[in-house]
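Remarks on the structure that follows.
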Amino acid sequence: MTEQELDLKHWLNRAFYADKEAKALDMLVEQCRERATGLVRAPEGNGTGKSSTAKNGTESALMQLAEAEEKALAQRMEAIRISAEIQNRISSLHDDELEAILIHRYLLFETIEQTAEKMNYGTTTIKRKIKCAIEKLSQNGLEWSSGSMI
């Protein structure tokens, strides 16, 4: 496989990693939400002057939650943008079978075995067709640089 084909495969895999990061940030949001909810439900002091500390803790937890939600939303939007970019690139093949295989592999994040089973092919056939599709995509003369098309 040529360096350009390897770069293309790396470029196609960006959706997987963007989705993975979005899911991790969603888990972080849930963790922040649980912390903030626990603090909000906790009594805010017993009248001995501790209420301002409890309020500060609650405020801090809510601010962390808001920040985490903002980051998670931004990452979900980035994952959607990357997926759309990859889907547009895949559709430039103008070959329904190769497009379907690449969609299963690079947008639905299926393994070669899962793709083979769903498309009623053997794994060797799927590997060969992926290689063929990558070769076709890389022959378009486009340059790949730092994870994006030029």
Side-chain angles (χ1 to χ4, degrees), residues 1-42 53-150:
M1 191 169 274
T2 69
E3 186 175 330
Q4 187 175 13
E5 291 168 353
L6 288 173
D7 288 345
L8 178 57
K9 279 185 88 168
H10 177 73
W11 185 84
L12 288 168
N13 276 313
R14 290 178 316 132
F16 172 77
Y17 293 108
D19 184 68
K20 196 173 190 177
E21 185 176 346
K23 288 178 181 175
L25 287 171
D26 285 339
M27 290 171 59
L28 181 62
V29 165
E30 281 308 308
Q31 185 182 49
C32 289
R33 183 173 286 120
E34 287 173 10
R35 271 194 213 124
T37 303
L39 286 173
V40 169
R41 289 183 186 161
T53 304
K55 286 181 184 176
N56 288 341
T58 301
E59 183 179 326
S60 175
L62 290 171
M63 286 174 46
Q64 284 180 335
L65 173 59
E67 184 178 312
E69 286 175 332
E70 187 177 317
K71 285 180 182 177
L73 177 61
Q75 183 57 38
R76 283 193 300 274
M77 296 303 293
E78 178 67 3
I80 290 168
R81 186 194 65 73
I82 289 170
S83 292
E85 191 176 302
I86 290 170
Q87 187 170 6
N88 287 338
R89 184 75 178 111
I90 288 171
S91 68
S92 74
L93 280 170
H94 304 293
D95 182 321
D96 293 341
E97 184 178 47
L98 294 180
E99 289 174 26
I101 289 169
L102 292 185
I103 288 169
H104 280 280
R105 186 75 178 113
Y106 294 105
L107 293 173
L108 299 175
F109 318 126
E110 295 177 355
T111 64
I112 288 173
E113 292 77 15
Q114 291 168 328
T115 302
E117 184 177 324
K118 287 186 179 174
M119 297 197 67
N120 296 317
Y121 286 125
T123 56
T124 305
T125 302
I126 293 297
K127 288 177 185 177
R128 182 175 44 79
K129 289 183 180 285
I130 288 173
K131 186 178 186 310
C132 176
I134 298 288
E135 287 172 357
K136 282 185 175 185
L137 286 174
S138 67
Q139 288 173 355
N140 289 349
L142 295 174
E143 295 180 22
W144 306 90
S145 172
S146 65
S148 62
M149 287 191 338
I150 296 177

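Sequential numbering from 1 along the given sequence is applied to the chain's residues. None of the values given here were measured: they were computed from a predicted structure.
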Checking Ile130 against Thr115 for the side-chain contact (heavy atoms from CB on, under 4.5 Å) test, could you report, in this order, the C-alpha distance in whole Å, the side-chain angles of both residues, the deciding distance, and whether it holds? CA-CA 11 Å; Ile130 288 173; Thr115 302; 5.9 Å; no
Rounded distance (nearest 0.5 Å) linking atom CG of Leu108 with atom CD of Gln114: 10.0 Å
As an exercise, state the distance from CD1 of Ile112 to OG1 of Thr125, rounded to the nearest 0.5 Å. 11.5 Å
Where the side chain of Asn13 meets the backbone of Lys9, is there a donor-acceptor pair that is under 3.5 Å apart? yes
Quick check for you: to the nearest 0.5 Å, what is the distance between Lys23 atom NZ and Gln75 atom CD? 12.5 Å
Test side-chain contact (heavy atoms from CB on, under 4.5 Å) on Glu78 and Arg81; report intermediate values, then the result. CA-CA 5 Å; Glu78 178 67 3; Arg81 186 194 65 73; 2.7 Å; yes
Which atom pair, heavy atoms only, marks the closest approach of Ile86 to Leu12? CD1-O, 3.3 Å
Pair Glu34-Thr37, side-chain contact (heavy atoms from CB on, under 4.5 Å): steps then yes or no: CA-CA 5 Å; Glu34 287 173 10; Thr37 303; 5.8 Å; no
Shortest non-hydrogen contact between Cys32 and Gln64, atoms and distance: SG-O, 4.2 Å
Nearest heavy-atom contact between Ala18 and Ile82 is CB-CD1, 3.8 Å
Residue pair Glu59, Met63: steps toward the side-chain contact (heavy atoms from CB on, under 4.5 Å) verdict: CA-CA 6 Å; Glu59 183 179 326; Met63 286 174 46; 4.0 Å; yes
Going by heavy atoms in the side chains, are Gln4 and Asp7 under 4.5 Å from each other? no
Test item: Arg105 and Ile126 side chains (from C-beta on) under 4.5 Å apart, heavy atoms: no
Glu21 side, atom CD; Asp26 side, atom CG - distance, nearest 0.5 Å: 11.0 Å
Distance from Thr2 atom OG1 to Ile134 atom CD1, nearest 0.5 Å? 10.0 Å
Separation between OG (Ser60) and CG (Asn56), nearest 0.5 Å, reads 8.5 Å
State whether the number of non-hydrogen atoms from other residues, nucleotides or ligands found under 6.0 Å of Met1 atom CE is greater than 12. yes
For Glu135, does the CD atom have more than 12 heavy-atom neighbours from other residues, nucleotides or ligands under 6.0 Å away? yes
Heavy-atom side-chain proximity of Glu70 to Leu73 below 4.5 angstrom: no
Just grab all the ring-ring contact (aromatic ring centres under 6.0 Å, His included) pairs involving residues 64-106, residues at least two apart or on different chains. none
Can you name the residues that form a side-chain hydrogen bond (donor to acceptor under 3.5 Å, both in side chains) with Arg33, not counting sequence neighbours? Glu30, Glu69
Heavy-atom closest pair (Lys71 atom, Leu25 atom, distance to 0.1 Å) is O-CD1, 3.7 Å
Of the non-hydrogen atoms in Ser83 and Leu107, which two are nearest, and what is the gap between them? O-CD2, 3.7 Å
For Leu137 against Ser92, the heavy-atom pair lying closest together: CD2-OG, 3.7 Å
Got a sec, which residues hit side-chain hydrogen bond (donor to acceptor under 3.5 Å, both in side chains) with Lys20, two or more places apart in sequence or on another chain? none
Arg89 bridged to Glu85 by N-O distance under 4.0 Å: no
